Amino acid sequence: MAQIFDRSSNALARMSLVLTGFIIIALGVTLDQLQRSPWVTRQGQRADQPVPFSHKHHVQGLGLQCQYCHVSVEKSSYAGIPPTRTCMNCHAQIWTNADLLEPVRQSWATGQSIPWTKVHDLPDYVYFNHEIHVNKGMGCSSCHGRVDEMPIMYQQNTLQMEWCLNCHRNPGKNIRPTSEIYNMAWTGASELKPVWCAAADAKGGTPTAQSVTCTTSEPTTGGGNPQLASLKLSPALFAQNPMSMQAASQSSDAPATMLPAASLHYTKFTSQEALGSFLVEHYNIRSPRELSSCEVCHR
């Protein structure tokens, strides 16, 4: 074969094999980065909407609660897009002639829905339930970001399976007290901002999350009232100490859903890891092995 191939052909063959390997590796890395890029995930992109609705103006500026527009977020798998009637509750009185709101008035007059562009759009084969996440202590900002600081809504996170699994493998890092679900500025427990929590045995069919009460004020001080240190409490907590219900109801300043701090054992948390572990246990959240099972999201 020496008459056909030069002696340098062996070196060229080896170099071509090495070069082919490098090309394959580079192609794989490029495709991996491409599928994680905003071009594919739409992360950070502002969609064109028929009405430039500003969450920052309505939430931070006017103080509207999430549930006012997204009424089904606590009881349905979908948070829900508000109907035109919700917009007209206010805009029948204010900004009645604004050009920006012409699509809203047109929708109200014709009965046709406003063709909003969905920002957080999961694939059809993915099952996501807002209700279970919200009621188990997953705050809005954990997935959607600081919506109260977004003039135009955008997708802050990738929403890819990898991102979901990172949370499902360690849910404690994102779990918060259910009283803080709609607090966009929540940053977790820390040395500077400790959180006190107390738990009672869930009885009478009370959801587990409602058997836990947390406060950011030290229970012994109660924010100036040593008698009352808790946030809203469920009947499950009173079931543990019936005398507390009677004492609370007899106080002129105490609503029936408040419980004297002395009747509960509060634990102080100065780290999100410790608080998350406590809430994961008492909210009865499934183990990471179960949460990362395929059947959780793919039905």
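Just so you know, these numbers use all the heavy atoms, side chains as well, and skip hydrogens, waters and symmetry mates. Not measured: the values here are computed from a predicted model.
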Review item, side-chain donor-acceptor pairs of residues 23-36, under 3.5 Å, at least two apart:
| unit_1 | atom_1 | unit_2 | atom_2 | d |
| --- | --- | --- | --- | --- |
| Thr30 | OG1 | Ala26 | O | 2.7 |
| Asp32 | OD1 | Arg36 | NE | 3.2 |
| Asp32 | OD2 | Arg36 | NE | 3.2 |
| Gln35 | OE1 | Gln160 | NE2 | 3.2 |
| Arg36 | NH1 | Glu162 | OE1 | 2.7 |
| Arg36 | NH1 | Glu162 | OE2 | 3.3 |

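- The shortest side-chain heavy-atom distance between Met184 and Arg146 falls under the 4.5 Å cut-off.
- Nearest heavy atoms, Ile175 versus Gln272: O-NE2, 2.8 Å.
- Criterion: ILVMFWY side-chain heavy atoms under 4.5 Å apart, direct or through other members. Under it, Val212 and Ile285 are part of a common hydrophobic cluster.
- Between Tyr283 and Asn135 there is no side-chain heavy-atom pair separated by less than 4.5 Å.
- Through direct or relayed side-chain contacts under 4.5 Å between Ile, Leu, Val, Met, Phe, Trp and Tyr, Met161 connects to Leu165.
- Leu279 and Leu291 fall within a single hydrophobic cluster, where Ile, Leu, Val, Met, Phe, Trp and Tyr side chains are chained together by heavy-atom contacts under 4.5 Å.
- When the side chains of ILVMFWY residues are joined at heavy-atom separations under 4.5 Å, either directly or via intervening members, Leu64 and Met150 end up in two distinct hydrophobic clusters.
- A chain of hydrophobic side-chain contacts below 4.5 Å, direct or via other Ile, Leu, Val, Met, Phe, Trp or Tyr residues, connects Val195 to Met138.
- For His70, there are no ring pair (Phe, Tyr, Trp, His ring centres under 6.0 Å) partners two or more places apart in sequence or in a different chain.
- Taking 4.5 Å as the limit, some side-chain heavy atom of Trp196 sits within range of a side-chain heavy atom of Glu218.
- Here the side chain of Arg286 pairs no donor or acceptor atom with the backbone of Asn284 at under 3.5 angstrom.
- Note: His120 and His144 have perpendicular aromatic rings, judged against thresholds of 30 and 60 degrees for the angle between ring planes.
- What you find for Leu264 and Ala198 is that their closest heavy atoms are CB-CB, 3.9 Å.
- Gln49 pairs in a side chain to side chain contact (heavy atoms under 4.5 Å, CB included) with only one of the listed residues (Ile152, Ile114, Val119), which is Val119.
- Pro151 approaches Glu149 most closely through the heavy-atom pair CD-O, 3.3 Å.
- Listed by chain and number, the residues in a disulfide bond (SG atoms under 2.5 Å apart) with Cys197 are Cys214 (sequence neighbours excluded).
- Contact annotation: the side chain of His265 approaches that of Thr267 to within less than 4.5 Å [non-hydrogen atoms, C-beta and beyond].
- In terms of modelled atom types and a separation under 3.5 Å, the side chain of Gln65 and the main chain of Gln67 share no donor-acceptor contact.
- Ring geometry, Phe53 versus His55: the interplanar angle exceeds 60°, so the pair is classed perpendicular (tilted spans 30 to 60°).
- Shortest non-hydrogen contact noted between Pro194 and Glu191 is CD-O, 3.8 Å.
- Within the 3.5 Å criterion, the main-chain N or O of Glu180 finds a donor-acceptor partner in the side chain of Arg176.
- Residues Tyr182 and Cys66 meet the side-chain proximity criterion, which asks for heavy atoms closer than 4.5 Å.
- To the nearest 0.5 Å, atom OG of residue Ser76 and atom CG of residue Asn129 are 7.0 Å apart.
- Between Val51 and Val104, the closest heavy-atom pair is CG2-CG2, 3.9 Å.
- Within the hydrophobic cluster formed by Ile, Leu, Val, Met, Phe, Trp and Tyr side chains joined at under 4.5 Å, directly or through other members, Phe128 is accompanied by Leu122, Tyr125, Val126, Leu159, Trp163.
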When the side chains of residues 80-95 are checked against the rest of the protein, which donor-acceptor pairs come out under 3.5 Å, sequence neighbours left out?
| unit_1 | atom_1 | unit_2 | atom_2 | d |
| --- | --- | --- | --- | --- |
| Thr84 | OG1 | Ser107 | OG | 2.7 |
| Asn89 | ND2 | Tyr68 | OH | 3.2 |
| His91 | ND1 | Ile94 | O | 3.3 |

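- Considering all non-hydrogen atoms of both residues, Tyr127 and Ser77 come closest at OH-CB, 4.3 Å.
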